[in-house]
Structures are given as structure tokens and as C-alpha cells.
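Order of appearance sets the numbers: ligands from 1, and atoms from 1 within every ligand. Because the structure is predicted, anything quoted here is derived from the model rather than measured.
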Amino acid sequence: MTTTLGTASAAPGEMDTGRLEVGETRDGSSFGLPVAVINGARAGKTLYLQAASDGDELNGVGVIQRVVPQLDPAEITGTILIVGVVNYHAFQVAEHRNPIDDTKMNRAYPGNEAGTSSERIAAATFEIATQADLILDLHQGSTSRMIDEVRVRCGKRHRLHDDCLKLAKVFGCGYILDQKGPDGQLARAAPDEGIPTVDPELGGTVGWDEESIRKGVEGVFNVLTYYDFLEGETTVETQTRANGFEQYGAPGGGLISFERDLGERVRRGDLLFELTTPFGERKAEVTADSNGILWRTRRLPQVASGEYVCSVATDIDDY
Ligand SMILES: [Zn+2]
């Protein structure tokens, strides 16, 4: 059966790319999101994949750009539906939030087709996503520095929690954050529709990070083989799981230097970072409140009082 996504249309054993029209820009021209359909030669499950829901998170675009040319529809069982760039307006101006409504796309799901700009795009992509059996929503820690991890956002009491956690483990970045996310995330809204969904967070960078993109490509192929879209074996490895997060802000203004590397284990009371003046005078030392892993840090050293500095993932176990 032919599968259609926007202007892309593929018969079994074919793939096609096209546009999914979602509205008009300020000059009245219509705009569409870049989409791809890979229709496998044999019928099977459907995987939905999207990237750049947050407009400055480009590693996911790098992943899709490398995965698609490696896919041969003749070898695929099932269908892969892809939206290559979700946050159209933010992507144009290399920003995180959609500048048309100053909204974060990953707080707008499941969307509203008569709503704000972000809600309309969310609704259009949610409609496609919810045709699938599995969803991968490729993100990263924006332009902050962050480890490569996969987020399970439905919450531990959700009926799909085990399925989402399984998908995260199969993707296999090595780390999982298993914590109920804020309202409006695709990885929260889609499990409510019965679809296992995870949010791989592929590092954090300005532009593209080679290592994170490589892990993302590997993760997508792990999912494709494990869930039988492709033949082959996936080695599912034990992941380090974090069940919570603690954020640290700057106790004053000045310059931050970190005492720990990203991914390093910290114990309660360990020095995390130092705050100094432009003349190197020490103003403050900030220590960890709990045992955990240094998960994410700001990129720039200068901070004002209260400004975000870093996050420590807590309540760590193996899964
Ligand atoms: Zn994001």
C-alpha cells in the first residue's frame, strides 16, 4: 500500500521526500516541513522520527541526514515516517524557541490546529506521529554542554512506562533520565495515545557534534534492528539511569570554573564549581547537595546572580 506524508508518497519498496504544508509565513507564502517516507518492501510496524523540534538542536538533523541515505526500502519491514525539521521558524533563525509566538515547541504537544504557530506545527506533527508504533523525538541539551542520554518522560506510573524504558534502553546512549516531563512534551503526550516514545538527548552543542551524531545514528539503527524493521541483532546493554535532577544556580555574579567533568560521578559535598571575579579573586565555592552525575553545564563562564550553572542527575541506578 502506498504511504503518503505531505507531498511525499512511496509504494512498498520505495522512499520519497517532500513537504508537509503547515501554514503561511509573514509574506503570505506557504511553508512546509521537510518530510521523508520510507516504505519497506514488507508490511510491518511504523516508526516515526523527528528532529529540531527545538530550533537550535541540530544534532538530530545530523542523525537523520546520515540515517536516510543508509536505508534501503527493499531491506525494510514496515514504514519509517520522518519530519526532518519540526520547528520551522526557529530553525530559520537558529534559535531554540519559535520566534512567531516565543514558545518552546516541546511544550506545545499535542498541539491545536487552530492555535498558535507552535501549536499548529505540533498538531500537524502529532497527527503523523500518532500513526506510528514507536516514536523517537531527537533532541539535545540545546547549546549547553550535556552528556548523551535518552529521556523517558511519561512518568513511572504510566501504563506505557515499561515500553518507553525498553525503547530508551534499546536506543542505548549509555544513560537514561527516567523522570516525568513537563506538560506539552511529545514524549509525554504520545504515550497517552498508546505509543512508546522517547526523547534521545544527543549531547549539547552549538552546531553539530560528531560524537553525539554518531551515537544517535547508532541508536536509530539499534531501534530498527531490535524492533525488526531491519534484519540483524541489537546488543541491548545495561544503562545508567538517573531518576531525578538537581539544578545549581550562581550564588553571585562573576566567572564560573568547573571542578568536575561532564559525566563524572559526584558525592554530596564535592566541589562542583568556583565563582571568581574578573581578577581571579574567589567569591564562592559550590558543592553538590546529593550524590549523582554531573549531567549538564552552561557553556559560557560568565554568570549573574541566580543564573543557571549546571545540573546533577541524582538517584542513580542501573537498568
Ligand atoms: Zn529539545
Item to check | ring-ring contact (aromatic ring centres under 6.0 Å, His included) partners of Tyr88, counting only residues at least two apart | outcome: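 Tyr88 satisfies ring-ring contact (aromatic ring centres under 6.0 Å, His included) with Phe31 once adjacent residues are dropped.
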
Next on the checklist: Once you measure the plane-to-plane angle for Tyr109 and Phe126, does it fall in the parallel (<30°), tilted (30-60°) or perpendicular (>60°) bin?
Outcome noted: tilted

Next on the checklist: For the Zn ion (ligand 1), which protein N/O/S atoms fall under 2.8 Å? Skip waters.
Outcome noted: Asp54 OD2, Glu57 OE1, Glu57 OE2, His139 ND1

Checklist entry - Quick one: salt bridge (charged side-chain N to carboxylate O under 4.0 Å, His left out) pairs with a partner in residues 114-140, sequence neighbours left out? => result none

Next on the checklist: Tell me every residue that passes side-chain contact (heavy atoms from CB on, under 4.5 Å) with Asp192, counting only those two or more places apart in sequence or in another chain.
Outcome noted: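 side-chain contact (heavy atoms from CB on, under 4.5 Å) list for Asp192, sorted by chain: His158.
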
Item to check | Note, Asn106 side chain near His139 side chain (heavy atom, < 4.5 Å) | outcome: yes

Checklist entry - Would you call Arg214 and Glu210 a salt bridge, using N to O less than 4.0 angstrom? => result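 No, this pair does not count.
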
